[in-house]
Amino acid sequence: MFRIIREKSLPSTNTYALELLKNKSIITPTVIIADVQTKGRGQSQNQWFSEEGKSLAFSTVLFPKNIKAERQFVLSQVVCLSLFRALSNYANGVRIKWPNDIYINEKKCCGVLIENALMGEGIAYSVCGIGVNVNNMQFSEGYLATSLYKESGQVFDLESILDEILSHFSDLYEKAEQQDYSLLNSWYHEYLYKVGELCNFEDKDGVFRATVVGIDQYGQLLLEDVEKQLRTYGFKELRWLV
Ligand code: BTN
């Protein structure tokens with residue numbers, strides 16, 4: 001499905017993808033992989049650290065035809081489910097933490113940065129940046145992190161893990177393009193972190209406790225607070241507290 005562009009070193013595979021899109025050098029589905037990423041970008045202007053030869057840093061560039069802008073969260077579901085499927089072959093306790101992190105046993109193992117360009121009601125292109133801690137023991141700062149190696153005790157071949165992720169990605173992306181949302185939703189819910197559990201959160205009004213119910217069709221997180229009120233949160237409106 002993908003054309004592959006591999007570079008020895010890039011500041012950021014997402015930034016490079018956006019540059020190539022800008023000058024129209026990419027017009028078909030493409031994966032950009034860097035052996036070394038020197039200025040990896042994370043969510044909220046954070047940096048993402050990758051260890052050369054030990055972790056994966058790549059971006060998929062997609063041109064969705066049948067996915068409406070209002071349904072763009074399905075791309076996050078495709079990425080997370082691909083990662084979930086590939087990693088859960090090798091480790092127990094893999095979970096998808098809303099909106100788009102992969103956790104293993106309460107620690108972050110993969111980070112995802114999706115940058116979409118919307119066009120009218122549709123999506124002109126989507127850059128899905130994916131960082132996977134495979135064999136590394138050094139991590140980005142600011143949160144509890146882990147790697148596949150740390151969780152399983154096994155050393156992995158980076159190319160095999162990448163191939164597995166991309167193979168799941170192609171299958172799941174096809175489902176998204178066919179608008180098979182209910183299937184993708186049911187899988188996403190099945191592997192969702194802390195679903196049914198009471199957790200601590202912080203929103204603009206302060207700290208509160210609530211039970212994770214799931215997500216709605218737009219990818220907003222649904223919580224039931226201790227007064228049994230349903231609360232809905234969009235991306236970046238909520239912080240999980242440990
Ligand atoms: C996060 O959890 O903060 C998101 C991290 C995303 C990291 C990946 S690595 C490949 C791609 N290129 C980047 O600069 N960022 C993403």
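Remember, it's 1-based here, ligands and their atoms both numbered in the order they're listed.
Counting atoms of ligand 1 from 1 in the listed order, those under 4.0 Å from a heavy atom of Gly129 are 8 (C), 11 (C), 16 (C). Atoms of ligand 1 lying under 4.0 Å from at least one heavy atom of Gly40, given by number and element, are 14 (O). Heavy-atom contacts of Gly42 reach the following atoms of ligand 1: 1 (C), 3 (O), 4 (C), 5 (C) (cutoff under 4.0 Å). Here is the list of ligand 1 atoms found below 4.0 Å of a heavy atom in Asp101: 2 (O). If you number the atoms of ligand 1 from 1 as listed, the ones under 4.0 Å from a heavy atom of Gly111 come out as 2 (O), 4 (C), 5 (C), 6 (C). Counting atoms of ligand 1 from 1 in the listed order, those under 4.0 Å from a heavy atom of Gln43 are 1 (C), 3 (O), 4 (C). Residue-ligand proximity, Thr13 to ligand 1, at heavy-atom distances under 4.0 Å covers atoms 10 (C), 11 (C), 12 (N). Within ligand 1, the atoms closer than 4.0 Å to a non-hydrogen atom of Gly131 are 8 (C), 9 (S), numbered from 1 in the order shown.
Side-chain contact between Ile67 and Tyr181 is present, with at least one heavy-atom pair separated by less than 4.5 Å. Two residues are said to be in side-chain contact when any heavy atoms from C-beta on lie closer than 4.5 Å; Met1 and Leu62 meet this criterion.
Of the heavy atoms in Asn46, none comes closer than 4.0 Å to ligand 1. Under 4.0 angstrom from ligand 1, there are no non-hydrogen atoms of Thr15.
Among protein heavy atoms, atom 12 (N) of ligand 1 sits closest to Gln37 OE1, 2.8 Å. Of the protein's heavy atoms, Arg41 O, 2.7 Å lies nearest to atom 15 (N) of ligand 1. In terms of protein heavy atoms, atom 5 (C) of ligand 1 is closest to Trp48 CE3, 3.5 Å. Looking from atom 2 (O) of ligand 1 to the surrounding protein, the closest heavy atom is Lys108 NZ, 2.5 Å.
Judged by distance alone, with hydrogens and angles left aside, the side-chain atoms of Thr30 form a donor-acceptor pair with the main-chain N or O of Thr28 at under 3.5 Å.
Taking the six-membered ring where tryptophan is involved, the planes of Trp48 and Tyr143 are essentially parallel, since the angle between them stays under 30° and well short of 60°. Ring orientation note: the planes of Phe84 and Tyr191 are close to parallel, at an angle under 30° on the 30°/60° scale.
An N or O contact shorter than 3.5 Å links Ser12 to ligand 1 by distance. Between Ser59 and ligand 1, not a single N/O pair is under 3.5 Å apart. Polar contact with ligand 1: absent for Lys39 (N/O pair, distance under 3.5 Å).
Nearest to atom 4 (C) of ligand 1 by heavy-atom distance, out of Ile130, Val112, Ile114, Asn14, is Val112.
Side-chain contact check for Gln178 and Asn66: no donor-acceptor pair (N or O, by modelled atom type) lies under 3.5 Å. A side-chain donor-acceptor contact under 3.5 Å links Asp216 and Gln220.
Listed by first then second residue, pairs satisfying salt bridge (Lys or Arg N to Asp or Glu O under 4.0 Å) with a partner in residues 17-26 number zero, not counting sequence neighbours. Evaluation of the side chain to side chain donor-acceptor pair (under 3.5 Å) test over residues 101-123, restricted to residues two or more places apart or in two chains, returns Asn14-Glu115, Arg41-Glu115, Gln72-Asn116, Lys97-Tyr103, Asp101-Lys108, Asn105-Glu151, Glu106-Tyr193, Glu106-Lys194, Asn116-Ser126.
For Asn92, the CG atom counts as loosely surrounded, since its 6.0 Å shell holds 12 or fewer non-hydrogen atoms of other residues, nucleotides or ligands.
Annotation: cation-pi pair Arg231/Phe208 present, NZ/CZ under 6.0 Å from the ring centroid and within 45° of its normal.
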